[in-house]
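Taking it in order: structure first as structure tokens, then the write-up.
Here the structure is a predicted model, which is why all the values come from computation and not from measurement.
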Amino acid sequence: MSKRYKYELRLDQLPMMFDTSFGNYHCSLQINYNEVGDFYTVDLYDIEGKPIILGEKLVYGKHLWSDYTDYRLPSIDLVPMDESGLTRVVNRETFGKTVFLYIDSVVD
């Protein structure tokens with residue numbers, strides 16, 4: 001069982017957009033796949049559908065939007081990782097299989 005909340009994503013239906021909440025912060029995320037580079041990106045939209053950050057590349061172990069300072073960003077850490085320790089790469093072969101997008105806070 002996972003120690004963190006993970007998003008169960010339908011990666012066979014990309015791009016996919018979904019609404020999510022972090023406490024009282026509501027937003028939309030869109031997951032995209034770049035076939036040429038074999039990587040995934042995330043777009044962040046506010047509750048009204050206005051883009052905040054587009055094309056944030058999923059990098060293993062790196063918190064999304066950590067390079068930005070913007071008051072509109074959620075104050076939660078989202079990070080792609082593999083809790084099983086089998087890989088340290090985010091690509092079509094691993095994402096959604098052993099690597100997932102987690103909220104990086106451990107749940108009891």
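Side-chain contact between Leu58 and Val42 is present, with at least one heavy-atom pair separated by less than 4.5 Å. Proximity of Met81 to Val99: side-chain heavy atoms (C-beta onward) are nowhere separated by under 4.5 Å. Between Tyr40 and Asn91, the closest side-chain pair of non-hydrogen atoms is not below 4.5 Å. At least one side-chain heavy atom of Leu11 sits under 4.5 Å from a side-chain heavy atom of Phe95. Between Ser28 and Leu44, the closest side-chain pair of non-hydrogen atoms is not below 4.5 Å. Using a 4.5 Å heavy-atom cutoff, the side chains of Leu14 and Tyr33 are in contact.
Taking CG from Leu29 and CG from Asp43, the interatomic distance works out to 9.0 Å, rounded to the nearest 0.5 Å. Put simply, CD1 on Ile53 and CH2 on Trp65 are 7.5 Å apart, with the number rounded to the nearest 0.5 Å. The CZ atom of Phe22 sits 9.0 Å away from atom OH of Tyr5, with the distance rounded to the nearest 0.5 Å. Rounding to the nearest 0.5 Å places OH of Tyr102 at 8.0 Å from CZ of Arg4. Atoms OG1 and OH, from Thr20 and Tyr25 in turn, are 10.5 Å apart once rounded to the nearest 0.5 Å. Note that the OG atom of Ser21 and the CD1 atom of Ile76 stand 11.0 Å from one another [nearest 0.5 Å].
Under a 3.5 Å cut-off, the side chain of Asp38 and the backbone N or O of Arg92 do form a donor-acceptor pair. Side chain of Glu56 to main chain of Leu64: no donor-acceptor pair is present (N/O by atom type, distance under 3.5 Å, no hydrogens or angles).
Salt bridge Asp82/Arg88: absent, no basic N to carboxylate O contact under 4.0 Å.
Think of Tyr45 as one node in a network of Ile, Leu, Val, Met, Phe, Trp and Tyr side chains linked at under 4.5 Å; its network also takes in Met17, Leu54.
The salt bridge (charged side-chain N to carboxylate O under 4.0 Å, His left out) pairs that include a residue from residues 63-78 are Lys62-Asp67, Asp70-Arg72, where partners are two or more places apart or lie in different chains.
When all heavy atoms of Pro80 and Leu101 are compared, the pair lying nearest together is N-CD1, 4.0 Å. The two residues Val36 and Asn34 make their nearest non-hydrogen contact at N-OD1, 3.1 Å.
When the shell of 6.0 Å around CD of Gln13 is examined, it contains more than 12 heavy atoms from other residues, nucleotides or ligands.
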Can Tyr7 and Phe18 be said to form a ring pair (Phe, Tyr, Trp, His ring centres under 6.0 Å), step by step?
CA-CA 11 Å; Tyr7 286 94; Phe18 59 96; 5.5 Å; yes
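Grouping the Ile, Leu, Val, Met, Phe, Trp and Tyr side chains by contacts below 4.5 angstrom, directly or via other members, places Val79 apart from Val89. In the hydrophobic clustering of ILVMFWY residues, with side-chain heavy atoms under 4.5 Å counting as a link, Leu73 and Val59 come out apart. With hydrophobic clusters built from ILVMFWY side chains whose heavy atoms lie under 4.5 angstrom apart, Met16 shares a cluster with Ile52.
For the 3.5 Å distance criterion, the side chains of His63 and Asp104 qualify, holding a donor opposite an acceptor.
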